There are 2 protein chains.
Amino acid sequence: MNSLRADAVRNREHIADIARQLFREKGYDAVSMDEVAKTAGVGVGTLYRHFPTKEALYDAAIQAWVETVNAAAAKSLAGEGSPRDRLLAWFQAYVEFLTRHKGAAWRITSALGDEGSPFATKCRTYLDANQRVIDALAAEGAMRRDVDAMQLCRLVGGVAAVVDNSDLDAEAAKSMLAVVADGVLAD
Amino acid sequence: MNSLRADAVRNREHIADIARQLFREKGYDAVSMDEVAKTAGVGVGTLYRHFPTKEALYDAAIQAWVETVNAAAAKSLAGEGSPRDRLLAWFQAYVEFLTRHKGAAWRITSALGDEGSPFATKCRTYLDANQRVIDALAAEGAMRRDVDAMQLCRLVGGVAAVVDNSDLDAEAAKSMLAVVADGVLAD
DNA sequence: TTGCTAAACGGAGACACCCTCCGTATTGTG
DNA sequence: CACAATACGGAGGGTGTCTCCGTTTAGCAA
């Protein structure tokens with residue numbers, strides 16, 4: 001049923017691998033499509049047949065690690081400790097994911113609420129995970145009533161974007177996330 | 001003593017005016033230098049003699065409104081109300097300033113801590129204003145001890161960037177800023 | 001194996017962007 | 001009024017994303 005030719009499949013995966021490596025090292029803006037093509041040993045035409053835009057390529061490159069976010073959320077929730085500790089742990093994992101590839105945090109956070117974006121499915125994943133965390137903590141009466149997942153995604157995504165952009169260390173990230181956590185937890 | 005020719009002064013101001021208008025309407029990325037030159041009725045050469053880079057032009061275009069931030073900080077501090085209300089009012093004014101020009105919030109927040117950036121002086125202004133607000137509230141014992149101006153600039157700047165990027169309304173901005181405010185105020 | 005067709009390939013080049021260079025035009029001073 | 005000194009304009013260099021199309025190759029059928 002798969003009408004793709006074997007060489008096409010091979011090339012597609014190879015290109016995505018190379019792109020993942022390059023984006024991770026240098027960040028979105030610093031990697032050109034020509035560079036990806038040359039490094040992968042293919043022509044730009046081939047590159048563009050597999051990935052119609054640079055954003056689509058980026059989306060494919062960061063696909064794998066995004067899928068693990070659900071596991072991280074579940075793990076944070078199952079952990080021991082106070083609601084604050086668990087919320088903070090989740091936030092930290094979330095930021096770590098978002099900043100894993102330079103430039104990804106801002107691109108994904110920017111796409112929140114934009115259904116047409118190539119990152120829409122990733123946003124959905126994040127939103128859902130956040131929602132589950134909120135629900136779990138709310139069930140214990142630990143959350144304020146008026147916080148919603150989108151708001152939290154934006155807040156934490158904003159922190160992640162700043163952390164990514166300014167190359168802040170984990171400690172600085174944690175102190176900012178603590179502010180957010182204290183702001184959304186019930187008094 | 002001013003060695004600038006009259007036509008040069010005229011052109012410089014005219015270009016800055018046009019650029020301010022264009023940037024405000026369309027955002028940084030969506031305005032090209034060719035467009036600014038054409039709209040202003042000058043050649044690109046002239047444009048680049050007055051403003052050596054696009055960022056320098058942007059900096060000049062947003063100069064005026066940044067200078068009023070100090071007044072806004074003072075006003076927010078002098079206002080009546082609880083520490084929370086006053087802090088929130090300042091945050092809202094801050095975000096309003098940052099989002100006045102599309103794209104400015106992220107650019108300025110990104111430049112925090114980068115002394116070499118063309119926006120360094122604007123960052124300084126914001127940092128200082130935030131520091132004054134923190135000091136005033138801390139003197140009343142309303143602030144947590146461990147928050148600093150840079151951290152706050154980043155948090156609020158991150159919110160501003162998200163608000164700007166997603167075209168959120170004032171209400172959405174306020175609810176996010178309330179989270180930050182509650183996170184930094186003493187329990 | 002061989003022949004054929006649909007699919008995939010590669011890279012020249014279109015277009016847009018930021019910015020530079022230099023011949024031309026203008027200003028204002030002696 | 002002449003003549004530096006200064007400012008002007010726009011062609012074009014370098015780099016980026018993306019398209020188009022002639023060429024090559026994979027996979028199947030005889």
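Just so we're on the same page: letters track the sequence lines, and every chain starts at 1. Predicted model only: the values in this text are computed from it and were never measured.
- Using modelled atom types, one side-chain atom of Thr125(A) and one backbone atom of Thr121(A) make a donor-acceptor pair closer than 3.5 Å.
- The outermost nucleotides of DNA chain D lying under 4.0 Å from heavy atoms of chain B, listed 5' to 3', are dA5(D) to dA11(D).
- Listed by residue number, Gly41(A), Val42(A), Gly43(A), Val44(A), Gly45(A), Thr46(A), Arg49(A), His50(A) are the residues of residues 33-59 of chain A with a heavy-atom contact under 4.0 Å to DNA chain C.
- Using bins of under 30°, 30° to 60° and over 60° for the plane-to-plane angle, the ring pair Phe119(A)/Tyr58(A) lands in the perpendicular bin.
- Looking only at distances, no side-chain donor or acceptor of Thr46(A) sits under 3.5 Å from a matching main-chain atom of Val42(A).
- With contacts defined as side-chain heavy-atom distances shorter than 4.5 Å, the pair Met176(B)/Val179(B) does not qualify.
- In terms of position on DNA chain D, the residue among Tyr28(A) and Asp7(B) whose nearest nucleotide sits closer to the 5' end is Asp7(B).
- Under a 3.5 Å cut-off, the side chain of Asp164(B) and the backbone N or O of Gly103(B) do form a donor-acceptor pair.
- One finds a side-chain N or O of Asn11(A) lying less than 4.0 angstrom from the OP1 or OP2 phosphate oxygen of dC9(C).
- The residues Glu55(B) and Arg107(B) are annotated as salt-bridged, a charged nitrogen and a carboxylate oxygen being separated by less than 4.0 angstrom.
- Mapping Arg10(B) and Arg12(A) onto DNA chain C by nearest heavy atom places Arg12(A) closer to the 5' end of the strand.
- Summarising the geometry, atom CD1 belonging to Ile62(B) is positioned 11.5 Å from atom CZ belonging to Arg24(B); distances are rounded to the nearest 0.5 Å.
- Under a cutoff of 6.0 Å and an axis angle of 45°, Lys54(B) and Tyr28(B) form a cation-pi pair.
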